[in-house]
Asks: 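The structure is given below, and queries will be raised subsequently.
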Amino acid sequence: MDGDPGALNDIRQTLRRLAAGMDAERRFVRAEEAFRKVLRWMREHHEFFASSIPLIASENVPSPAVREALASDLGNRYAEGYPGERLYAGCRWIDSIEMLGIELAKEVFNAEYADLRPISGVMANLAAYTAFAEPGDVMVALAVPHGGHISHGKREWGGTAGTVRGLRVERYEFDYDRFNIDVDGTRRRLERLEKEEGKRPKVFMLGASVFLFPHPVREVSDLAKEYGARVVYDAAHVAGLIAGGVFQDPLREGADAVTMSTHKTLAGPQHGLLLSWERYAEDFKRVMFPGLHSNHHLHAVAGVTIALAEALAFYHEYARRIVENSKALAGFLMEEGLDVLYGDLGFTESHQVLVDVSRLMGGKEAEFLLERAGIVVNRNLLPKDYLLKTDYRNPSGIRLGTQEVTRLGMGKEEMREIARFISRVLVKREDPEKVRREVAEFRRPFQKVHYAFSNATEAYAYVSIT
Ligand code: DSN
């Protein structure tokens, strides 16, 4: 075979095929390993939440029916446009679901116009900025340490309003004693802005991520009228409370549009919703499609529709219990030696409780220790952090929300237990691993979703279809 170039080429090709085969085999093994890892981690995530105390104020556990919607084929389809005017075939049942969702949203929130197409609260806000303002226009919003959301934020912080829509964001003056907007101070600030720069606001943003007390919608709406500006109310956090009639009614109080994500107190899937008045309907329809969305996540639309039906049937009671639990939790935490904010105002009128942990440790360490004990909260900037210029990565506080534990059927007695667990970790500095075992035991009887039509499947059961 010496000197036979044809035979040498054959050998080289055989070796290459063998090497390629080994590469393919290794690739397959790696891929299968990744596939199994994801499935295992999803199960472990479910097990963790089934045995923990979930207190993140922006989350919730949806009903099994909402989870069924998320696993359905609707999430694999397209339905561009408005129901009945689609640009795709196969939308018969999707149209029926979305039309029903629109009708339910109008009824639950007493709105003339409802749009289920925003795929998140941020997209609903972007829709409002697009319909009501042009790049360079002034929008007034809460600063983040005062409770504002990043999607209301300035360009210099990477906020959606500033960075994506190009708005100039001016902050509201803030009343630190009342944890609320200082309307008179804001009026003076805007008068200065007009005098010095000739700029007038186009949009007043209300609503917040840290949201303890109703906002002065009427007063802000009166101020907005002086400028011919629009009022947008971001109800992401308090949508379920508004649906249950216990917080405030922003559309009746003067808001031109209400935006929200649908998975916090509303307890639907992760999605968005926009409510408004008939006079703005055509503007919003155009902005949603083709402006901001192609497809709008139809499995989530079905999930939101189910959550709205649950809201209509059950949320008067659910919302009332959430607020009752927040007030109880705040009071017990204070008795346990924690610095709960705004006790003189009754702590809260929402699902949220704000705790200053800076006397004990930073918010970052508090969040970390509590997670090790199976208590899930998030660190949060407090109003004083604005004045202290605290690093947002280690703020002075933690924010707690009672909407998820309430949905699991917990009441006042359980709030007392939760306050004790938190105090044992943060004040008494007990070993979090020891507390974690007791937390898991405490959680064992609370495995069903309440305030829903059906709860045949446990709240955090991992449903496998593979
Ligand atoms: N960042 C969320 C919150 O926790 O409030 C809202 O999007």
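All ligand and atom numbering here is 1-based and tracks the order in the structure.
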Asks: If every non-hydrogen atom of Tyr315 is compared with every non-hydrogen atom of Leu266, which pair is closest and at what distance?
Replies: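 Taking Tyr315 first and Leu266 second, the nearest heavy atoms are OH-O, 2.8 Å.
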Asks: Quick check for students: name every N or O atom pair between ligand 1 and the protein closer than 3.5 Å, with distances.
Replies:
residue	atom	partner	partner atom	Å
ligand 1	4 (O)	Ser58	OG	2.8
ligand 1	4 (O)	Arg399	NH2	2.7
ligand 1	5 (O)	Ser209	OG	3.0
ligand 1	5 (O)	His237	NE2	2.7
ligand 1	5 (O)	Arg399	NH1	3.0
ligand 1	7 (O)	His149	NE2	2.8

Asks: Centroid-to-centroid, Phe247 to Phe211, below 6.0 Å?
Replies: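 Yes, the ring of Phe247 comes within the 6.0 Å limit of the ring of Phe211, centre to centre.
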Asks: Taking the side chain as every heavy atom from C-beta outward, state whether Arg165 and Asp137 have any atom pair closer than 4.5 Å.
Replies: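 Contact flag for Arg165/Asp137 side chains = no.
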Asks: Are side-chain N/O atoms of Thr186 and Arg171 paired as donor and acceptor at under 3.5 Å?
Replies: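 Not at all, the side chains of Thr186 and Arg171 share no donor-acceptor pair under 3.5 Å.
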Asks: Do the rings of Phe174 and Phe179 sit parallel, tilted or perpendicular, given the 30° and 60° boundaries?
Replies: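 If you compare the ring of Phe174 with that of Phe179, the planes turn out perpendicular.
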Asks: So that I know where these two stand, are Phe284 and Phe132 an aromatic pair - ring centroids less than 6.0 Å apart?
Replies: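 So the answer is yes for these two rings.
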